[in-house]
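Below, chain A is the first sequence line, B the second, and so on; all start at residue 1. All of these numbers come straight from a predicted model, not from anything done at the bench.
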2 protein chains.
Amino acid sequence: MTAVKKHDVFQAIADPTRREILYLLSDQRLAISEITSHFSITRTAVVKHLTILSEAKLVSGEKVGREKIYYLHAEPLTEIKDWLSYFERFWDNKLSMLKYLVENEEEDKA
Amino acid sequence: MTAVKKHDVFQAIADPTRREILYLLSDQRLAISEITSHFSITRTAVVKHLTILSEAKLVSGEKVGREKIYYLHAEPLTEIKDWLSYFERFWDNKLSMLKYLVENEEEDKA
DNA sequence: TTGACATGAAACCTTTTGGTGTTATAATGA
DNA sequence: TCATTATAACACCAAAAGGTTTCATGTCAA
């Protein structure tokens, strides 16, 4: 898919297959063929998804014998969490927002 | 880009321009041309980004006179927050994880 | 009514995505 | 040693992403 460093963590989680891979690796370390067995796509396609996840530093692979074992590295997801935190006030403060609107409405009446 | 409903919220936030648009709209409602003035891309490209954001229900547009005013609708971002919450244990529990590892190491020594 | 402004819509272009298939190489196990 | 297993490394492909340009249409303000 790609050669150099390109994909960031936002792009990495954009694909449902990649999100599923992250979920699989949250429980256990898995070889490429084991990951592939969970999907209906080819091993080659899985490897490309793993490459993108690697570029985003979300997974790492380690060669063990003839297998390559992948494992989760969740820390980069904090970047998304941080980005999200800015927008949290727009749903967390729904009640205070409503309160504010009601108060202003009463001022209009007065 | 697309006609029918296709893009989900994960795809919508994958693009940095779209994330910037969401940020712009968090302060104020803006017309298409006003949004465009913040970027170095054409109005047409901005409209396509707005369409994708609309499909993900993250923004809505309202025609006012000859302008089309867009505004933020942040609630769908909770889907990302919820997804993220599953992985939070992998960075929040770093200290407990370390504690666990140290304890196991001592057991190995014994 | 006439421009200037704001948008809509279509056609087109290039690069990236998400897949496939094939071939080659390395480790395993009987 | 030999067939099997697990990957790596390519080449190839259709469709989607992200842009652009061009032209048409609706609206506001004189």
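Y86(B) pairs by the side chain to side chain contact (heavy atoms under 4.5 Å, CB included) definition with Y23(A), S26(A), D27(A), R89(B), not counting sequence neighbours. Listed by chain and residue number, T42(A), K48(A) satisfy the side chain to side chain contact (heavy atoms under 4.5 Å, CB included) test with T44(A) (two or more places apart in sequence, or in another chain). Legend: residues meeting side chain to side chain contact (heavy atoms under 4.5 Å, CB included) with E62(A), ordered by chain and number and at least two apart, are R29(A), V64(A), Y71(A).
A straight line from CD1 of I69(B) to P of dA6(C) spans 10 Å, rounded to a whole angstrom. In this entry the distance linking CD1 of I21(A) with C1' of dG19(C) reads 13 Å, nearest Å. If you take CZ of R18(A) and C1' of dT16(C), they are 11 Å apart, rounded to a whole angstrom. Going from atom CD of E67(B) over to atom P of dA4(C) covers 18 Å, rounded to whole Å. Atom CD of Q11(B) and atom P of dT17(C) are 12 Å apart (whole Å). Here the P atom of nucleotide dG18(C) and the CD atom of E20(A) are 16 Å apart, to the nearest Å. Whole-Å rounding puts the H49(B) NE2 to dA16(D) P distance at 17 Å. The distance from atom CG of D15(B) to atom C1' of dA16(D) is 13 Å, rounded to the nearest whole Å.
Near DNA chain D, meaning a heavy atom under 4.0 Å away, the residues from residues 30-38 of chain A are A31(A), I32(A), S33(A).
How far CD1 of I21(B) is from CG of L53(B): 5.5 Å, rounded to the nearest 0.5 Å.
Screening residues 33-47 of chain A for salt bridge (charged side-chain N to carboxylate O under 4.0 Å, His left out), with sequence neighbours left out, gives no hits.
Listed pair H7(B) / dA16(D) fails the phosphate criterion, with no side-chain N or O lying under 4.0 Å from OP1 or OP2.
An end-to-end axis angle of 30° holds for the helix from dT1(C)-dA30(D) to dA30(C)-dT1(D), taken from five base pairs per end and rounded to 10°.
Between F39(B) and L24(B), the closest side-chain pair of non-hydrogen atoms falls below 4.5 Å. Between F10(B) and P16(A) there is no side-chain heavy-atom pair separated by less than 4.5 Å. Annotation: side chain of H49(B) is in contact with side chain of I41(B) (closest heavy-atom distance under 4.5 Å).
The only member of D82(B), T78(B), L77(B) that meets side chain to side chain contact (heavy atoms under 4.5 Å, CB included) when paired with I80(B) is L77(B).
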(request) Determine, for nucleotides 20-30 of chain D in 5'-to-3' order, which nucleotides have protein heavy atoms under 4.0 Å from the base (write B), from only the sugar-phosphate (write S), or from neither (write -). (result) BB-----BS--
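No more than 12 heavy-atom neighbours from other residues, nucleotides or ligands sit within 6.0 angstrom of CD on E79(A).
No side-chain donor-acceptor contact under 3.5 Å links R18(A) to the backbone of I13(A).
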